[in-house]
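The block underneath contains the structure these notes are about, expressed in structure tokens.
Labels below follow one simple rule: chain letters A, B, ... track the order of the sequence lines, proteins then strands, and each chain is numbered from 1. Bear in mind that the values here come from a model prediction, so they are computed numbers and not experimental data.
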Number of protein chains: 2
Amino acid sequence: MMDARIDEIRKQLTAKGFKLTAQREETVKVLLENEDNHLTTEEIYMIVKNRVAEIGIATVYRTLELLKELHVIEKVNFGDGVYRFDLRRKNQAHFHHHLICTECGAVQEILEDWLLPLENRVLLEFGFTVEDHRLDFQGVCHSCKAKHTSEECKAVS
Amino acid sequence: MMDARIDEIRKQLTAKGFKLTAQREETVKVLLENEDNHLTTEEIYMIVKNRVAEIGIATVYRTLELLKELHVIEKVNFGDGVYRFDLRRKNQAHFHHHLICTECGAVQEILEDWLLPLENRVLLEFGFTVEDHRLDFQGVCHSCKAKHTSEECKAVS
DNA sequence: TATTTAATGATAATAATTATAAATAAGAAA
DNA sequence: TTTCTTATTTATAATTATTATCATTAAATA
């Protein structure tokens, strides 16, 4: 299944005259293995370097930039000063939504697209044709709330 | 009206033991005068410097950080590598939505809050309590589309 | 007025990213 | 296969945005 995805990306690259080098392939693999995380360039570089020791960080930067151009990945910024990368899942045109916990920093994803009605409204009210979107919610996640209540219980007892 | 807004901010500051210095006041004024733009720290610094020549950029950074803490402004990142600042309008609890044109770069705002139903859904389905949100749409704005059609007309004639 | 504390400006330091240039690898042409 | 051309990489320098430091200044308080 991962091989199929890599082949697909190879085709996308060669179609535009690029090559899937060993460095690029390893970077793609790291992204595929971490589909649920949002890794920074640095983090991706560290993992890739363990496998292809002679890789330079500039190559990782370039590869990520290239994959972004091909819409294989998304470059996101949750406001903590670094860019993170997020694989666009197969058969999923839209960029998924995020629930960012302001207490523990956990990022949960909503895979379903909740914005189609709003995009229609944007077209009608503003004459703006939406090509992509981004929706993040900041707040307190389920487990942090659970932590609070248990702490309150302790405080009372 | 601007003075009233500044007074309000002064109160917020003094309530927390901070002062509204001349530098801070001038920075706030620039933000108020540019409510519809999303200025970078550098841009804000340049404008303020024209009025208070001896101000240093570190002060602008610090002031913006402080205003962010007080929820007077929002720090946003549209993915172009710099942070921009956006004044939270009076009587408007939520952070407004953005329509970002990928052709001309214009950023239009939706002031109305369209996300309340979705925030309720997030609570029900994920047990996640939303404190804030961010919604950006990328696409083609009305005037860029108009440009296209006129160019197509020229091409035909 | 003297004293304490907050805030500032100048500048150094850091962190992330991008540019450069020489070396290497890969594919196409001979 | 060998040569030629081009893409890609590595290592490193340069750049950019941001943060930290620290001496100085301004403001508030006793």
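Atoms CD (B/Glu43) and P (D/dT18) sit 11 Å apart, rounded to a whole Å. Atom CD1 in B/Ile55 sits roughly 5 Å away from atom P in C/dG9 (whole-Å rounding). The interatomic distance linking A/Lys16 (NZ) with D/dT6 (C1') rounds to 19 Å, in whole Å. Whole-Å rounding puts the A/Phe18 CZ to D/dT8 P distance at 6 Å. Atom P of nucleotide D/dA26 and atom CZ of B/Arg24 are separated by 15 Å, given to the nearest angstrom. Residue B/Tyr45 contributes atom OH, which lies 16 Å from atom P of D/dT19 at whole-angstrom precision. Atom CG in B/Asn77 sits about 9 Å away from atom P in D/dT18, given to the nearest Å. With rounding to whole Å, A/Glu26 atom CD is found 18 Å from D/dT8 atom P.
For D/dT9, one of the phosphate oxygens OP1 or OP2 lies less than 4.0 angstrom from a side-chain nitrogen or oxygen of A/Thr21. Here A/Tyr61 does not reach the OP1 or OP2 of C/dT18: none of its side-chain N or O atoms lies under 4.0 Å away. Regarding contacts with the backbone of D/dT18, every side-chain N or O of B/Arg62 stays at 4.0 angstrom or more from both OP1 and OP2. B/Thr41 has no side-chain polar atom (N or O) that falls below the 4.0 Å cut-off from OP1 or OP2 of D/dA17. Phosphate contact (OP1/OP2 of C/dA25, side-chain N/O of A/Gln23, threshold under 4.0 Å): absent.
Within 4.0 Å of B/Glu54, counting heavy atoms only, lie sugar-phosphate atoms of the nucleic acid but no base atom. Across all strands shown, B/Ile57 has no heavy atoms under 4.0 Å from either base or sugar-phosphate atoms.
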| Test log, rule side-chain contact (heavy atoms from CB on, under 4.5 Å), inputs A/Ile55 and A/Glu26 | CA-CA 10 Å; A/Ile55 198 172; A/Glu26 217 53 57; over 6 Å; no
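Along DNA chain D, the nucleotide nearest to A/Lys49 and the one nearest to A/Leu66 differ in position, and the one closer to the 5' end is contacted by A/Leu66. Both B/Leu20 and B/Ala58 sit near DNA chain C, but only B/Leu20 has its closest nucleotide nearer the 5' end.
Ion pairing between B/Arg84 and B/Asp86 fails under the 4.0 Å rule for side-chain N and carboxylate O.
Exactly one residue among B/Arg10, B/Arg5, B/Arg51 makes a salt bridge (Lys or Arg N to Asp or Glu O under 4.0 Å) with B/Glu25. That residue is B/Arg10.
For A/Lys19, the listed nucleotide lying nearest its side chain is C/dG27; candidates were C/dA7, D/dT9, C/dG27. Of the candidate nucleotides C/dG9, D/dT9, C/dA7, C/dG9 has the atom nearest to the side chain of B/Thr59.
The side-chain heavy atoms of A/Asp113 and A/His97, taken from C-beta on, include a pair separated by under 4.5 Å.
A donor atom on one side chain and an acceptor atom on the other are not found under 3.5 Å apart for A/Glu74 and A/His96.
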